[in-house]
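Scroll down for the structure; my scribbles are underneath it.
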Amino acid sequence: MAADCLFCRIIRKEIPAKLVHESDECVAFHDIDPKAPVHVLVIPREHAGSLNDISDPAVVGRLALVAADIARREGIAESGYRTVINTNRDGGQTVSHLHLHLLGGRHMSWPPG
Ligand code: 5GP
Ligand code: ZN
């Protein structure tokens with residue numbers, strides 16, 4: 001846990017969020033500034049600054065499978081969705097707690113900007 005990390009504070013419920021999943025390992029909640037009709041962030045409970053800090057593949061595996069489960073529950077599994085992990089400056093990461101974006105409910109263009 002990082003005392004002043006925004007997402008650690010959401011995990012501790014010091015900051016409100018619209019939670020859609022809570023387990024021993026992961027938490028998921030709606031993005032405050034959604035970029036698609038469905039925009040959920042999936043995060044590990046244990047603080048990690050970015051993907052660069054992960055050595056256990058199960059951490060990322062769990063994020064991906066939680067996202068797929070939420071996609072089914074949100075009704076976008078068949079139409080499709082995008083999962084994204086932004087890392088550091090060039091990747092566009094703005095919150096330094098590893099998170100996987102689940103975006104769906106509209107067509108996604110490629111390549112990303
Ligand atoms: P990044 O840019 O680091 O890949 O993604 C960070 C995401 O966190 C952004 O999409 C941003 O809208 C979202 N975000 C930032 N602050 C908050 C907050 O206080 N609550 C929630 N639910 N989302 C946030
Ligand atoms: Zn954190």
Side-chain angles (χ1 to χ4, degrees):
M1 282 285 165
D4 57 354
C5 167
L6 176 63
F7 288 173
C8 284
R9 296 189 70 195
I10 286 177
I11 290 168
R12 291 198 299 269
K13 305 204 168 142
E14 294 170 8
I15 293 174
K18 292 184 190 166
L19 295 167
V20 293
H21 172 92
E22 280 189 276
S23 62
D24 287 350
E25 306 282 356
C26 300
V27 172
F29 50 90
H30 288 283
D31 197 290
I32 203 167
D33 181 19
K35 308 300 190 296
V38 176
H39 188 175
V40 169
L41 303 173
V42 189
I43 67 175
R45 278 190 190 274
E46 189 171 337
H47 180 86
S50 81
L51 190 56
N52 288 338
D53 301 311
I54 300 299
S55 53
D56 180 359
V59 173
V60 181
R62 278 191 290 265
L63 298 182
L65 290 187
V66 168
D69 186 53
I70 294 168
R72 279 188 283 273
R73 284 196 274 131
E74 294 282 340
I76 58 169
E78 291 307 316
S79 55
Y81 54 89
R82 185 166 294 173
T83 49
V84 178
I85 297 175
N86 296 325
T87 301
N88 285 352
R89 188 182 59 251
D90 278 358
Q93 184 176 7
T94 59
V95 177
S96 294
H97 181 128
L98 174 65
H99 49 282
L100 182 145
H101 295 259
L102 166 65
L103 297 143
R106 67 167 171 83
H107 181 74
M108 302 287 155
S109 60
W110 190 264

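For the single chain, residues carry numbers from 1 onward in sequence order. Start at 1 and go down the list; that is how both ligands and their atoms are numbered.
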**Item:** ND1 (His97) - the Zn ion (ligand 2) - ND1 (His47) angle, nearest 10°
**Value:** 100°
**Prompt:** In terms of the angle between their ring planes, are His99 and Phe7 parallel, tilted or perpendicular, with boundaries placed at 30° and 60°?
**Reply:** perpendicular
**Asked** Just which atoms of ligand 1 are under 4.0 Å from any heavy atom in His30?
**Response** 22 (N)
**Distance in Å, Glu22 CD paired with Phe29 CZ, rounded so as to fall on 0.5 Å steps** = 11.0 Å
**Message:** If we set the cut-off at 4.0 Å for heavy atoms, which region of Leu41 has an atom near ligand 1: side chain, backbone, both, or neither?
**Reply:** side chain
**Asked** Counting from 1, what ligand 1 atoms have a heavy atom of Leu6 closer than 4.0 Å?
**Response** 16 (N), 17 (C), 19 (O)
**Message:** Working to the nearest 0.5 angstrom, can you tell me the gap between Ile85 CD1 and Leu100 CG?
**Reply:** 4.5 Å
**Fill in**
When distances are taken from atom 12 (O) of ligand 1, the protein heavy atom at minimum range is Asp31 OD1, 2.5 Å
**Test log, rule side-chain contact (heavy atoms from CB on, under 4.5 Å), inputs His97 and Leu6** = CA-CA 8 Å; His97 181 128; Leu6 176 63; over 6 Å; no
**Request:** Show which atoms of ligand 1 fall inside a sub-4.0 Å distance from at least one heavy-atom site of Thr94.
**Result:** 1 (P), 2 (O), 3 (O), 5 (O), 6 (C)
**Prompt:** Gln93 heavy atoms, cut-off 4.0 Å: which ligand 1 atoms fall inside?
**Reply:** 3 (O)
**Prompt:** In ligand 1, which numbered atoms sit nearer than 4.0 Å to a non-hydrogen atom of Asp33?
**Reply:** 12 (O)
**Message:** Rounded to the nearest 0.5 Å, what separates atom CD in Gln93 from atom CG in Leu98?
**Reply:** 7.5 Å
**ligand 1-proximal atoms of Asn86, by part, heavy-atom distance under 4.0 Å** = side chain
**Request:** For atom 14 (N) of ligand 1, find the nearest protein heavy atom and state the residue, atom name and distance (0.1 Å precision).
**Result:** Ile32 CG2, 3.8 Å
**Prompt:** Transitively linked via ILVMFWY side-chain contacts under 4.5 Å: Val40 with Met108?
**Reply:** no
**Prompt:** If you count the atoms of ligand 1 from 1 in the order shown, which ones are under 4.0 Å from a heavy atom of Gly92?
**Reply:** 1 (P), 2 (O), 4 (O)
**Prompt:** CD/Glu25 to CG/Leu63 distance, rounded to the nearest 0.5 angstrom?
**Reply:** 10.0 Å
**Prompt:** If you group Ile, Leu, Val, Met, Phe, Trp and Tyr by side-chain heavy-atom gaps below 4.5 Å, do Val59 and Val42 land in one group?
**Reply:** yes
**Request:** State plainly whether one hydrophobic cluster holds both Ile43 and Leu102, where clusters connect Ile, Leu, Val, Met, Phe, Trp and Tyr through side-chain heavy atoms under 4.5 angstrom apart.
**Result:** no
**Item:** Proximal atoms of ligand 1 relative to Phe7 (non-hydrogen, under 4.0 Å)
**Value:** 8 (O)
**Request:** Please say whether Val95 places an N or O atom under 3.5 Å from an N or O atom belonging to ligand 1.
**Result:** yes
**Message:** Under a 4.0 angstrom heavy-atom cut-off, which atoms of ligand 1 come close to His99?
**Reply:** 1 (P), 3 (O), 4 (O), 5 (O), 6 (C)
